[in-house]
Each structure stands twice: as structure tokens, then as C-alpha cells.
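We use all heavy atoms of the structure for the numbers below, so side chains are in, but hydrogens, waters and symmetry mates are not.
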Amino acid sequence: MGRGDLTDAEWERLRPFLPVSNGRCGRWRDHRQVIDGILHRVRTGVHWRDLPERFGPWKTVYERHRLWSADGTWERLLQQVQAAADATGEIDWDVSVDSTVVRAHQHAAGAHRSAAGTPLKGGRGGGTPAREAIAEPGRPPGGGGAGGEGLGRSRGGFTSKLHLSADGGCRPLSLIVTPGQRADCTPFKVVLEKIRVPRPGPGRPRKKPDSLAADKAYSNGPIRKYLRKRGIRHTIPEKADSQVARLHKGSRERRPPGFDEERYKKRNTIERAINRLKQHRAVATRYDKRRYVFLGTVTVAAVTIWLRS
């Protein structure tokens, strides 16, 4: 077993939830060997073509990762390891939300297909549509450019932004990818609604945290109203301009929002969760051209954190 490979215990936790057939040509190549190759690439950021031979053909490893990123297999695996932790009471449901900017490598640019299947500027075109559909199953459509692939320009340069929620144990609960210039508060509802931890038996998955903490970037009326509507206790500091505006309103509007200083101290868990994700070099720097593949890469890192926490 190489450094970073799945242990026998970790493999046994994942094995029951892995696909049995690829739906096209029989059984998969050995899942454990391929997953170890994916973990190696996520941890080191190495080129797919430069994967060590012990993981098998690099193309097989890449295509497995791409397909599982597209069809939601990685996300289902993350939910299952979360469900196992929740069944034993290991999830701290005092959740925190934040985002982090990820610098995109120049290799992340240049996804050559738009949503309509037409070649983008500088891309390749002219292939047979039927053959391409067979060769690339389960490929979600792009957005017709860098923005549609979660790439943008921020003060950090060519970047993506990773929005996430984490439990009190510094482990990611939900993840989404946007262009780097996107405001933190814009996808807040999507991040929170992606929290979905299945129950061990019958019943709906758990989606509601006990409490939530976030920084001033999430301090606005619509977010507070949304949290109150869902009955989620929240601790979000008020912006200075919001305090001034509130004082100019009538007496009924002057009451400040509640703020629990002790609860807010636990917000460091989201910063530590981001730090643990960025220990994986393919997360700290984005090399994937497609948004869904990069999200799959981050999800693999999250699965690893849950397995090894």
C-alpha cells in the first residue's frame, strides 16, 4: 500500500456504495486500484498522464473520475460517509459557512465545448456528434465560456471560488464552485440546501443544522429572513453601515439582531475545514477545465477527510 492509498478499513466503508457495472461494457476495472490513483492525483496535483503505473492506465483513472463527477457518484459517497458518522452521533450540527478563492492554473482554461455543443473560440470542432456522445457519456453541458465553468477574474487573478459549509468537526458538509469574483452571500441558500445527510433507516435525510455561524459577508436582510423562516438559530455579525441604517429607522426597527459571541468563536471550524481541503494540491490550485470535474476533485478530498477524521 502506497502513501495516501485507502486502508482496508476505509475501503470496506466505501465498497458497498460503489457502482457494480458501468452500464456499457460489463464490469469496471478494479475499483480500489483506480480510486487509489484518483486519491494520488488529488493529493499531489500530478498530471493525469504522469500517474505511476501501479494505478493502471492513466486514461482509465481519469475517465472514472470524470464520469463519477458527472453522474454524482462522488457526491453520493460523501453523503454515505456522512450518514455513517451521523448514525453514531459523530456530527456536530453547529454548522459554519464560508468561501475560499482557488487560483486557477493556466491549464484550467480552454474548455472547448459550450452548452449547445458548438466549439468555443480557440477550441476544436468538426467532430461527429454521435461519436462524441458515445465517447463522452454523462458529460454535463458547459456554460459557454469561462464563467459557465466556474472561472473568473478577481483580485487574485484567474480564479474559482469554493463555497462550503462544515460541521463542528471541521469536515465539509456541502460544496459548490462559482467564478472567483462571485460574492460570498449570493450562493448561500444553495450551499445550505445542499446539506443532505441520509438517515440509516427510513425517513427523510437531515438538512437542518442546529445553529449556523458566518462572517459579515453574509450579513444582509434576505439571508437573515431565510434563516428565520427555516427556524435556524444563527450568529452573524452586523456590518457597520447596517448599524447606521438601522439607527435611522423607527423604534421598532432599531432592535439589533441577536449575536452569540461564544457561538461565533466556533466559526474557526470552517477556516480549518478549508485548510484541510487545501492540503490536497489539486484543490489548492485548480487544474481541471470543467466545473463539474473540479467539484468532483474537491468532493474526493472531502470524502478523504471524512474517512480519516
Side-chain angles (χ1 to χ4, degrees), residues 42 69 74-75 78 82 94-105 108 143 146-196 207 209 211-224 226-227 230 232 234-239 242 263-288 290-303 305-306:
V42 172
S69 299
W74 288 126
E75 187 172 352
L78 177 60
Q82 290 172 347
D94 288 334
V95 172
S96 299
V97 176
D98 206 349
S99 69
T100 182
V101 170
V102 176
R103 188 66 183 266
H105 192 272
E149 299 299 347
L151 292 163
R153 297 284 177 179
S154 67
R155 286 184 294 179
F158 191 45
T159 55
S160 293
K161 183 173 280 191
L162 179 62
H163 305 260
L164 69 155
S165 63
D167 78 330
C170 311
R171 297 170 297 187
L173 287 169
S174 60
L175 305 152
I176 68 167
V177 176
T178 66
Q181 75 275 13
R182 186 67 55 86
D184 289 5
C185 60
T186 305
F188 172 80
K189 293 181 182 179
V190 180
V191 172
L192 213 57
E193 289 169 0
K194 278 196 72 175
I195 298 176
R196 184 184 178 88
K207 302 179 180 180
S211 67
L212 181 136
D215 60 21
K216 289 184 179 181
Y218 301 91
S219 179
N220 60 51
I223 285 180
R224 294 183 189 275
Y226 168 78
L227 292 171
R230 288 193 59 185
I232 299 174
H234 53 280
T235 299
I236 305 175
E238 191 177 20
K239 295 179 180 178
S242 298
R263 172 65 182 90
Y264 192 70
K265 289 178 181 178
K266 292 183 65 177
R267 201 190 68 83
N268 70 84
T269 55
I270 188 71
E271 308 291 351
R272 290 153 61 192
I274 291 170
N275 185 43
R276 294 171 80 172
L277 282 171
K278 287 192 171 183
Q279 294 298 314
H280 302 79
R281 295 191 175 197
V283 175
T285 302
R286 173 175 171 174
Y287 300 102
D288 302 305
R290 300 298 305 271
R291 182 209 299 255
Y292 75 93
V293 178
F294 179 60
L295 181 59
T297 297
V298 181
T299 306
V300 170
V303 170
I305 291 172
W306 278 91

Measure the shortest side-chain to side-chain distance between [X] and [Y] over non-hydrogen atoms and say whether it is less than 4.5 angstrom.
{"X": "Pro209", "Y": "Ile232", "value": "yes"}
{"X": "Thr269", "Y": "Asp167", "value": "no"}
{"X": "Leu227", "Y": "Ile236", "value": "yes"}
{"X": "Tyr264", "Y": "Asp215", "value": "yes"}
{"X": "Arg224", "Y": "Ser219", "value": "yes"}
{"X": "Ile223", "Y": "His234", "value": "no"}

Hey, what's the ring geometry for Phe188 with Tyr226, parallel, tilted or perpendicular (30° and 60° as the breaks)? perpendicular

Drop me the distance from [X]'s [atom1] to [Y]'s [atom2], to the nearest 0.5 angstrom.
{"X": "Lys266", "Y": "Cys170", "atom1": "NZ", "atom2": "SG", "result": "10.0 Å"}
{"X": "Asp288", "Y": "Leu151", "atom1": "CG", "atom2": "CG", "result": "10.0 Å"}
{"X": "Arg281", "Y": "Tyr287", "atom1": "CZ", "atom2": "OH", "result": "8.0 Å"}
{"X": "Leu173", "Y": "Lys194", "atom1": "CG", "atom2": "NZ", "result": "11.5 Å"}
{"X": "Thr100", "Y": "Asn275", "atom1": "OG1", "atom2": "CG", "result": "9.5 Å"}
{"X": "Leu175", "Y": "Thr299", "atom1": "CG", "atom2": "OG1", "result": "5.5 Å"}

Arg196 CZ: over 12 foreign heavy atoms closer than 6.0 Å: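 Counting other residues, nucleotides and ligands, CZ of Arg196 stays at 12 neighbours or fewer.
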
With no hydrogens and no angle check, do the side chains of Arg263 and Thr235 hold a donor and an acceptor under 3.5 Å apart? no

Closest contact, heavy atoms only, [X] versus [Y]:
{"X": "Pro187", "Y": "Thr178", "result": "CG-CG2, 4.4 Å"}
{"X": "Arg267", "Y": "Asp98", "result": "NH1-OD2, 3.2 Å"}
{"X": "Ser99", "Y": "Ile274", "result": "O-CD1, 4.0 Å"}
{"X": "Phe294", "Y": "Ala282", "result": "CE1-O, 3.6 Å"}
{"X": "Val191", "Y": "His163", "result": "CG2-CB, 3.6 Å"}
{"X": "Leu78", "Y": "Pro172", "result": "CD1-O, 4.5 Å"}

Regarding Glu149 and Arg290, does a basic nitrogen lie under 4.0 Å from an acidic carboxylate oxygen?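 Salt bridge between Glu149 and Arg290, a charged N being under 4.0 Å from a carboxylate O: yes.
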
Just by modelled atom types, is the Val102 backbone N or O under 3.5 Å from a matching donor or acceptor in the Arg286 side chain? no

Would you find a donor on one side and an acceptor on the other, under 3.5 Å apart, between the side chain of Lys161 and the backbone of Arg182?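 The answer is yes, because a donor-acceptor pair under 3.5 Å joins these two groups.
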
Passes side-chain contact (heavy atoms from CB on, under 4.5 Å), His280 versus Val298? Steps please. CA-CA 9 Å; His280 302 79; Val298 181; over 6 Å; no

Decide side-chain contact (heavy atoms from CB on, under 4.5 Å) for Lys189 and Arg230; before the verdict, give the C-alpha distance in whole Å, the side-chain angles of both, and the deciding distance to 0.1 Å. CA-CA 11 Å; Lys189 293 181 182 179; Arg230 288 193 59 185; over 6 Å; no

